[in-house]
Amino acid sequence: MTLHHHTHPFNDTHNQSQHHLPLSLLPLSLLLVGALLAQPGRAGAQAQDPRALLRMAESAQANGQHRAALEIIVSLRGQVPAGQLAGMLSSSELALGDYLMAEQAAIAAMREAGDAWVSQHREALMNTLAQAALHLGEVVIEGL
């Protein structure tokens with residue numbers, strides 16, 4: 001049996017412009033990001049102004065209250081552009097140590113090329129990807 005460890009593509013400083021996921025993780029990753037984006041928000045949060053909720057989420061993130069920020073952000077599904085929602089999710093997921101979800105949310109955000117929020121926060125999204133990549137890898141086992 002041979003055990004190979006391959007670092008995540010974002011760890012390769014010569015290859016930072018390419019965004020590849022191990023194919024085995026793609027269905028699971030998309031399912032998890034989709035499930036997170038599809039979660040119904042809290043009833044009270046949905047009744048509030050989305051701009052006020054965005055300010056609350058940003059304030060919670062700035063104060064290190066990432067779990068609270070995550071709940072607010074998820075409650076905004078359908079009320080803010082998908083790219084902004086995924087980008088904000090990626091920031092909180094990274095802070096909470098869920099590196100795979102942070103990476104997937106950042107990738108989902110960056111796929112929303114026409115989203116003004118994504119364009120404005122592209123550098124932060126790239127930083128999220130780089131930070132998440134420091135904690136992710138791929139293990140290939142051969143010869144079973």
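Residues satisfying the side-chain contact (heavy atoms from CB on, under 4.5 Å) criterion with Gln84, sequence neighbours excluded, are Leu54, Val80, Pro81, Met88, Asp115, Trp117. Annotation: ring-ring contact (aromatic ring centres under 6.0 Å, His included) contacts of His66 (sequence neighbours excluded): none. For the side-chain contact (heavy atoms from CB on, under 4.5 Å) test, residues two or more places apart in sequence or in another chain that qualify with Ala52 are Asp49, Arg55.
Separating the CE atom in Met110 from the CG atom in Leu129 is a distance of 6.0 Å, to the nearest 0.5 Å. Residue Gln65 holds its CD atom at 13.0 Å from CG of Leu70, rounded to the nearest 0.5 Å. The OG atom of Ser91 lies 9.5 Å from the CG atom of Leu96; values are rounded to the nearest 0.5 Å. Note that CD of Gln48 and CD of Gln79 are 10.0 Å apart. Values are rounded to the nearest 0.5 Å. Summarising the geometry, atom CG belonging to Leu53 is positioned 11.0 Å from atom CD belonging to Glu58; distances are rounded to the nearest 0.5 Å. To the nearest 0.5 angstrom, Thr128 atom OG1 is 11.5 Å from Leu89 atom CG.
Put simply, the side chain of Ser59 never gets that close to the backbone of Met56: no donor and acceptor are under 3.5 Å apart.
The heavy-atom pair separating Ala102 from Ser90 by the smallest distance is O-CB, 3.4 Å. Across all their heavy atoms, His135 and Gln131 have their closest contact at CD2-O, 3.2 Å. Closest approach of Ala132 to Leu94, counting heavy atoms only: N-CD1, 3.9 Å. Across all their heavy atoms, Leu76 and Pro50 have their closest contact at CD2-CA, 3.8 Å. Ser92 and Ala69 make their closest contact through OG-CB, 3.7 Å (heavy atoms, listed as atom of the first residue, atom of the second, distance). Between Gly87 and Ala109, the shortest heavy-atom distance links the atoms N-CB, 3.5 Å.
Around atom CZ of Arg122, more than 12 heavy atoms belonging to other residues, nucleotides or ligands sit under 6.0 Å away.
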